[in-house]
There are 2 protein chains.
Amino acid sequence: MRRDIFQAIADPTRRAILSLLALQAMTPNAIAEHFESSRQAVSKHIQILTECEVVKHQQTGREIYYHFNPEKMKEIDIWLDRFRKLWDDRFDQLDDILKDL
Amino acid sequence: MRRDIFQAIADPTRRAILSLLALQAMTPNAIAEHFESSRQAVSKHIQILTECEVVKHQQTGREIYYHFNPEKMKEIDIWLDRFRKLWDDRFDQLDDILKDL
DNA sequence: TATAAACGCAACTAATTAGTTGCGCAAGTT
DNA sequence: AACTTGCGCAACTAATTAGTTGCGTTTATA
């Protein structure tokens, strides 16, 4: 089962969940209230986000708070870096990219 | 059919194709040579990349050269921006993000 | 003009994903 | 002790995706 950060953010619901969790830690029920989807559907997305470690959890009584983990997002940023040069810079792009690979 | 840039980069083969095309425009056959996959399988990926405009094509005789379009990658970068603050900055992060949304 | 190369497109299959329903368990409440 | 709430987990279905095979068209080559 492929389960990396790129797979995680492919789904719009999961991107929305990440945006929510970036603001504050939340329980599955609280998250689900923001969507049309059922709690279980949301829970499945959370599970995927947890598996690829972009989200961590912390239990408090019977509630489980999910936290956003910015660390994993860096991976996307790092991958983007090679392309960023193509829209940032003017010319000597190719050399830079070739150096990276 | 969901066909956005996030969907496009979810597949590792497509990410590899984008990396190749960022270096130089290539024909489907040339691209396929870099992978285990068949030409048709690669062609399908290219089609998806074309649909979400992260790749453009230009015909020369019987060959079709596919070019990387950095513009579309900006969308990812822009989306990442809100999270970037969480790993770049130290404190006053929440305020910044709340301001964005 | 016959043949080969470079493709796109359509039909099909296999695998994966998103979502639903129903269950069970642990932690609080009455 | 009985009931409710918050949750995970498993089985199932429907939709989507990745990949294959085969065919037709256009451009080049012998």
Side-chain angles (χ1 to χ4, degrees), chain A residues 1-21 23-69 72 76, chain B residues 1-21 24-69 72 76 79:
Chain A
M1 221 166 295
R2 210 190 324 131
R3 204 119 285 182
D4 59 26
I5 185 69
F6 295 99
Q7 176 65 19
I9 64 162
D11 185 90
T13 302
R14 283 198 289 271
R15 286 201 299 281
I17 291 175
L18 287 178
S19 289
L20 279 176
L21 294 183
L23 297 177
Q24 63 186 95
M26 291 172 90
T27 65
N29 269 326
I31 296 168
E33 279 170 15
H34 286 80
F35 302 95
E36 301 288 293
S37 315
S38 65
R39 179 186 66 82
Q40 283 87 345
V42 168
S43 256
K44 272 203 160 186
H45 284 305
I46 294 175
Q47 194 184 316
I48 290 169
L49 294 172
T50 304
E51 275 174 35
C52 65
E53 295 175 296
V54 73
V55 148
K56 294 171 293 184
H57 62 274
Q58 161 228 337
Q59 184 135 11
T60 315
R62 66 183 164 182
E63 291 184 328
I64 298 177
Y65 281 88
Y66 285 91
H67 296 256
F68 174 65
N69 175 23
K72 272 288 157 179
I76 305 170
Chain B
M1 221 167 294
R2 210 190 323 133
R3 204 118 286 182
D4 59 27
I5 186 68
F6 294 100
Q7 176 66 18
I9 64 164
D11 186 272
T13 302
R14 283 198 289 271
R15 286 199 299 280
I17 292 175
L18 286 177
S19 288
L20 279 176
L21 294 183
Q24 63 185 96
M26 292 174 89
T27 64
N29 268 326
I31 296 169
E33 278 169 16
H34 287 79
F35 301 95
E36 302 288 294
S37 314
S38 66
R39 177 187 66 81
Q40 284 86 344
V42 168
S43 255
K44 273 204 158 186
H45 284 304
I46 294 174
Q47 195 184 315
I48 290 169
L49 294 173
T50 304
E51 275 174 34
C52 65
E53 296 175 297
V54 73
V55 147
K56 293 172 294 182
H57 62 273
Q58 159 226 338
Q59 185 134 11
T60 316
R62 66 181 164 183
E63 292 181 329
I64 297 176
Y65 282 88
Y66 285 90
H67 298 256
F68 173 66
N69 174 23
K72 272 287 157 179
I76 306 170
W79 181 76

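Throughout, a chain's letter reflects where its sequence line sits, starting with A, and its residues are numbered from 1.
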Review point. From C:dG19, C:dG8, C:dA6, pick the nucleotide closest to the side chain of B:E63?
Key: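 Nucleotide nearest to B:E63's side chain: C:dA6.
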Practice item. Go through D:dT20, D:dA18, C:dT20 for me and flag the one nearest to the B:S38 side chain. Key: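 Among D:dT20, D:dA18, C:dT20, the one nearest the side chain of B:S38 is D:dT20.
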Review point. What residues form a side chain to side chain contact (heavy atoms under 4.5 Å, CB included) with A:A16, not counting sequence neighbours?
Key: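 By the side chain to side chain contact (heavy atoms under 4.5 Å, CB included) rule, A:A16 matches A:F35.
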Exercise for review: Can you spot which of A:L49, A:I76, A:V54 makes a side-chain contact (heavy atoms from CB on, under 4.5 Å) with A:I9?
Suggested key: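 For A:I9, the side-chain contact (heavy atoms from CB on, under 4.5 Å) test succeeds with only one of A:L49, A:I76, A:V54, which is A:I76.
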Any N/O pairs under 3.5 Å between the protein and nucleotides 23-30 of chain D? List them or say none.
unit_1: D:dT27; atom_1: O2; unit_2: B:R62; atom_2: NH1; d: 3.4

Exercise for review: Quick one: label B:Y66 by what it contacts on the DNA or RNA (base, sugar-phosphate, nothing), any heavy atom closer than 4.0 Å.
Suggested key: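 The answer is sugar-phosphate, as B:Y66 gets under 4.0 Å only of primed atoms, P, OP1 or OP2.
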Exercise for review: Describe the nucleic acid contact of A:T27 in one word from base, sugar-phosphate, nothing, applying a heavy-atom distance below 4.0 Å.
Suggested key: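 Answer is sugar-phosphate: A:T27 comes under 4.0 Å of backbone atoms only.
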Spacing of [X] atom [atom1] relative to [N] atom [atom2], expressed in whole Å:
X	N	atom1	atom2	value
A:D11	D:dT16	CG	P	12 Å
A:Y65	C:dA27	OH	P	16 Å
B:H45	D:dT20	NE2	C1'	12 Å
B:I46	D:dT17	CD1	P	18 Å
B:D4	D:dT16	CG	P	14 Å
A:Q47	C:dA18	CD	C1'	13 Å
A:E36	C:dT20	CD	P	11 Å
A:H57	D:dG8	NE2	P	8 Å

**Study point:** 5' priority, DNA chain C, between A:K44 and B:M26 [closest heavy atom]
**Key:**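 The residue closer to the strand's 5' end, by nearest nucleotide, is B:M26.
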Exercise for review: Kindly state each residue pair satisfying side-chain hydrogen bond (donor to acceptor under 3.5 Å, both in side chains) with at least one member in residues 58-69 of chain B, sequence neighbours excluded.
Suggested key: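 Residue pairs with at least one partner in residues 58-69 of chain B: B:Q58-B:T60, B:Q58-B:H67, B:E63-B:Y65.
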It should be established whether [X] places a side-chain nitrogen or oxygen under 4.0 Å from OP1 or OP2 of nucleotide [N].
X	N	value
B:R3	D:dT16	no
A:N29	D:dT5	no
B:S43	C:dG8	yes
A:Q7	C:dT16	no

Practice item. For B:R15, check salt bridge (Lys or Arg N to Asp or Glu O under 4.0 Å) against everything at least two apart and list the hits. Key: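 Scan of B:R15 (salt bridge (Lys or Arg N to Asp or Glu O under 4.0 Å), adjacent residues dropped) gives A:D4.
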**Study point:** Partner set under salt bridge (Lys or Arg N to Asp or Glu O under 4.0 Å) for B:K44, not counting sequence neighbours
**Key:**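 Checked B:K44 against salt bridge (Lys or Arg N to Asp or Glu O under 4.0 Å); zero matches.
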Check your understanding: Who passes ring pair (Phe, Tyr, Trp, His ring centres under 6.0 Å) against A:H34, sequence neighbours left out?
Key ->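 With sequence neighbours excluded, A:H34 shows a ring pair (Phe, Tyr, Trp, His ring centres under 6.0 Å) to no residue whatsoever.
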Exercise for review: Determine yes or no for a side-chain-to-main-chain donor-acceptor pair under 3.5 angstrom, with A:R39 supplying the side chain and A:A32 the backbone.
Suggested key: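 Not at all, since once roles are kept as given, no pair shorter than 3.5 Å links the two residues.
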